[in-house]
Amino acid sequence: MPGGLLEGKESLTVSTWVDWDKSNRQFEWLWGLGRSTTHNLNAIPRGPGGVTTAGLVQGSGTDVTASAPSVIGDGWTHVAVVLDTDADALSLFVDGRLAGSRPTTLAAKGLVVDGAALSGYIGKSFWSDPYFPGVIDDFRIYDVALGEEELQEIASQGGAAIAAADAGALDLGDISAVRSDLALPTSGAGGSTITWESSDPGIISETGVVTRPAGGSPDAHVTLSATVTKAGAAEVVEFGATVKAYLGEFADVTSGHPYYNEIRWLARTDISRGFEESGVLYFRPEQPITREYVAEFLYNYSGSSFEPASGAQAFSDVPPDHPHYAQIEWLAAHGYAEGQQFGPGEAVTREELAATLWRLAGYPVASAAVPYTDVPANGANAGAIAWVHESGLIDGTGADSFGPQVEVSRGAAAAALFRYDATQGSDAKVTPGRFTTRR
């Protein structure tokens, strides 16, 4: 900084906006006014004690440090240091608010020698400390001690622009069919603070916890209001969310059904919505599951959102108007199914389901050979059947038989996927490879 800035000055205010890279190093000065290590006024993001400080020294034994309770936050922060000879105080303000103050009788003019070429540095210490890592903007020096209201006004001018930018950048994604908790941000990239209000906290709380309406209830519509604040300025943004109600109970799966819990889990996790007839939901647990519904289960279990490319058709028997077209195209696009035809309406056998779960888990190797007499040890799916047996996912049809060609019911498929999720974890992903071998 050029010389002459402090000559004859008593009180002083230094005001600036700072976007600090927030390193763990101390003494990366924002600025230093004065002439040397023994005569200066400074501001340090992480100073003595590991907190943001304003320091003043005019010779040995005169050190005065005003400390904030903590370091300044992420993003842009307004930092002001006031040396007030009328109040005999050195004060540090962060975003327009008093953060720390210490008594002193020192004046600004004692920091320099009249006629000096320099008055100090921006982003540099008088010591051999590292340079300041970050951005400094709107750097101002006043030859008076500004009050808190004046500093709040200065800070709020910049704060308004930051709050507006952070509010404009808020994006919650697609919240038209919410089924799980929402991640509601609490801070913006510019350093703003974000607080939330919900029109129905019982459905979506102010922290984003979602409670879906009970089965048979209508979907819930909730307005989320984000208040984005920075240095006393505020912007409000509203988002409309629709929370999907749980499915009602399946009429054909009562509490006494052997797969009741497993099928209910499928419904509550939106893996299967069953079949609706005249306003009544059915799961059809005893009906054989077909390949198209295994595709639906896997797609929904993965949590994927997939839009096939225009005109895409991986299989000749699954045209774009097929009800499971997107799910089956998703399988093909990710290398989970291949061939000329998919056979969407064909029933899935027990060995095919075993192979599907085995691939889903990433081709794990069982610790023992396949224990069934109707599964050849060198058979194409022997490794998969040995693994599902060892993992407890699919039981045999008898003491020493697996029934590899037996068709799988929808209820048994639900149970197998339920056990897979319980033992392998919901983070398990489909591994590229053939879904099942088909022509």
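Below, each value reflects all heavy atoms present in this structure, side chains not excepted, and no hydrogens, waters or symmetry copies.
In this structure, Ile385 and Ile394 have side chains that are not in contact, with every pair of non-hydrogen atoms separated by 4.5 Å or more. Side-chain contact between Leu12 and Leu41: present, with at least one pair of heavy atoms (C-beta onward) separated by less than 4.5 Å. In this structure, the side chains of Phe239 and Ile175 come closer than 4.5 Å at one or more pairs of heavy atoms. In this structure, Leu111 and Gln58 have side chains that are in contact, with non-hydrogen atoms separated by less than 4.5 Å. By the 4.5 Å heavy-atom criterion applied to side chains, Thr186 and Thr193 are not counted as neighbours. Considering only heavy atoms from C-beta on, Trp17 stays 4.5 Å or farther from Val79 through its side chain. Residues Ile203 and Pro213 meet the side-chain proximity criterion, which asks for heavy atoms closer than 4.5 Å. Side-chain contact check for Ile141 versus Ser15: every heavy-atom pair is 4.5 Å or farther apart.
Remark: the backbone N or O of Pro2 is paired with a side-chain donor or acceptor of Ser119 at under 3.5 angstrom. The main-chain N or O of Val388 is never found under 3.5 Å from a side-chain atom of Ser391 such that the two would form a donor-acceptor pair. Judged purely by atom type and a 3.5 angstrom limit, Asn381 has no side-chain atom pairing as donor or acceptor with the backbone of Ala384. Checked by atom type and distance alone, the side chain of Glu329 pairs as donor or acceptor with a backbone atom of Ala314 at under 3.5 Å. Between the Thr13 side chain and the Val144 main chain, a donor and an acceptor come within less than 3.5 Å of each other. In terms of modelled atom types and a separation under 3.5 Å, the side chain of Lys244 and the main chain of Arg212 share no donor-acceptor contact. Formation of a donor-acceptor pair under 3.5 Å by the Arg46 side chain with backbone atoms of Thr52 is not found in this model. No side-chain donor-acceptor contact under 3.5 Å links Asp129 to the backbone of Ser125. Formation of a donor-acceptor pair under 3.5 Å by the Asp166 side chain with backbone atoms of Gly190 is found in this model. Looking only at distances, a side-chain donor or acceptor of Ser198 sits under 3.5 Å from a matching main-chain atom of Ile204.
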* To do: Go through the steps to decide whether Trp31 and Ile136 satisfy the test side chain to side chain contact (heavy atoms under 4.5 Å, CB included), and finish with yes or no.
  => CA-CA 10 Å; Trp31 51 265; Ile136 297 173; 6.0 Å; no
* Carefully, step by step, assess Phe275 and Phe283 under the rule ring-ring contact (aromatic ring centres under 6.0 Å, His included). => CA-CA 6 Å; Phe275 306 91; Phe283 186 75; 7.6 Å; no
* Kindly determine whether Trp330 and Ser302 satisfy side chain to side chain contact (heavy atoms under 4.5 Å, CB included), including the steps that lead there. => CA-CA 11 Å; Trp330 171 80; Ser302 75; 3.4 Å; yes
* Between Leu172 and Leu184, does a side chain to side chain contact (heavy atoms under 4.5 Å, CB included) hold up when you go through it step by step? -> CA-CA 8 Å; Leu172 299 183; Leu184 301 181; 4.0 Å; yes
* Report the C-alpha distance between Leu146 and Ile154 in whole Å, list the side-chain angles of each, state the deciding distance to 0.1 Å, and finish with yes or no for side chain to side chain contact (heavy atoms under 4.5 Å, CB included). => CA-CA 10 Å; Leu146 297 182; Ile154 293 172; 3.8 Å; yes
* Steps toward ring-ring contact (aromatic ring centres under 6.0 Å, His included) verdict (His257, Phe250) -> CA-CA 11 Å; His257 193 280; Phe250 294 117; over 10 Å; no
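Closest heavy-atom contact between Pro48 and Thr53: CD-OG1, 3.7 Å. Scanning all heavy atoms of the two residues, the minimum distance from Ala295 to Ile328 falls at CB-CG1, 3.9 Å. Considering every non-hydrogen atom in both Ser101 and Ala89, the closest pair reads OG-CB, 3.9 Å. Contact record, Leu6 with Gly34: CD1-N, 4.1 Å, taken as the closest heavy-atom pair. The two residues Ala145 and Ser11 have their closest heavy-atom pair at N-CB, 3.8 Å. Between Ala245 and Asp219 the shortest heavy-atom distance is N-OD1, 2.9 Å.
For the atom pair Leu30 CG and Lys124 NZ, the distance stands at 14.5 Å (nearest 0.5 Å). Between Asp200 atom CG and His221 atom NE2 the span is 11.5 Å, to the nearest 0.5 Å. The distance from atom CD1 of Ile44 to atom CD1 of Ile72, rounded to the nearest 0.5 Å, is 11.5 Å. Within the model, atoms NZ of Lys9 and OG1 of Thr85 stand 12.5 Å from one another, a figure rounded to the nearest 0.5 Å. In this structure, CG in Asn300 is found 8.0 Å from OG in Ser272, a value given to the nearest 0.5 Å. Here the OG atom belonging to Ser225 is positioned 10.0 Å from the CD atom belonging to Glu206, to the nearest 0.5 angstrom.
Within the structure, no pair that satisfies the salt bridge (charged side-chain N to carboxylate O under 4.0 Å, His left out) test touches residues 181-194, not counting sequence neighbours.
The pair Asp421-Arg419 does not count as a salt bridge, with every side-chain nitrogen at least 4.0 angstrom from each carboxylate oxygen. Ionic pairing of Asp63 and Arg102 is not present here: no N-O contact between side-chain nitrogen and carboxylate oxygen is shorter than 4.0 angstrom. Salt-bridge check for Glu249 with Arg264: passed, with a basic side-chain N closer than 4.0 Å to an acidic carboxylate O. With respect to Asp74 and Lys22, a salt bridge is recorded, a charged nitrogen being found less than 4.0 Å from a carboxylate O. Salt bridge present: Lys109 and Glu10 bring a charged side-chain N and a carboxylate O closer than 4.0 Å.
Taking the six-membered ring where the residue is Trp, the centroids of Phe132 and Phe27 are separated by 6.0 Å or more. In this structure, the ring of Trp358 has its center less than 6.0 angstrom from the ring center of Tyr363. If you look at Tyr299 and Phe306, their ring centroids are not closer than 6.0 Å.
Partner of Trp265 under the ring pair (Phe, Tyr, Trp, His ring centres under 6.0 Å) criterion, chosen from Phe418, Tyr260, Tyr246: Phe418.
Side chains of His78 and Thr16: a donor-acceptor N/O pair is absent below 3.5 angstrom, by distance only. A donor-acceptor contact closer than 3.5 angstrom links the side chains of Glu28 and Ser23. Between the side chains of Ser67 and Thr65, no donor-acceptor pair is found at a separation under 3.5 Å. Ser176 and Asp174 share a side-chain donor-acceptor pair at under 3.5 Å.
Applying the 6.0 Å contact sphere to CD of Glu276 captures more than 12 heavy atoms from other residues, nucleotides or ligands.
Tyr142 meets the ring-ring contact (aromatic ring centres under 6.0 Å, His included) test with no other residue; sequence neighbours excluded.
Note on ring orientation: taking the six-membered ring where Trp is involved, the planes of Trp387 and Tyr420 are perpendicular (angle over 60°, cut-offs 30° and 60°).
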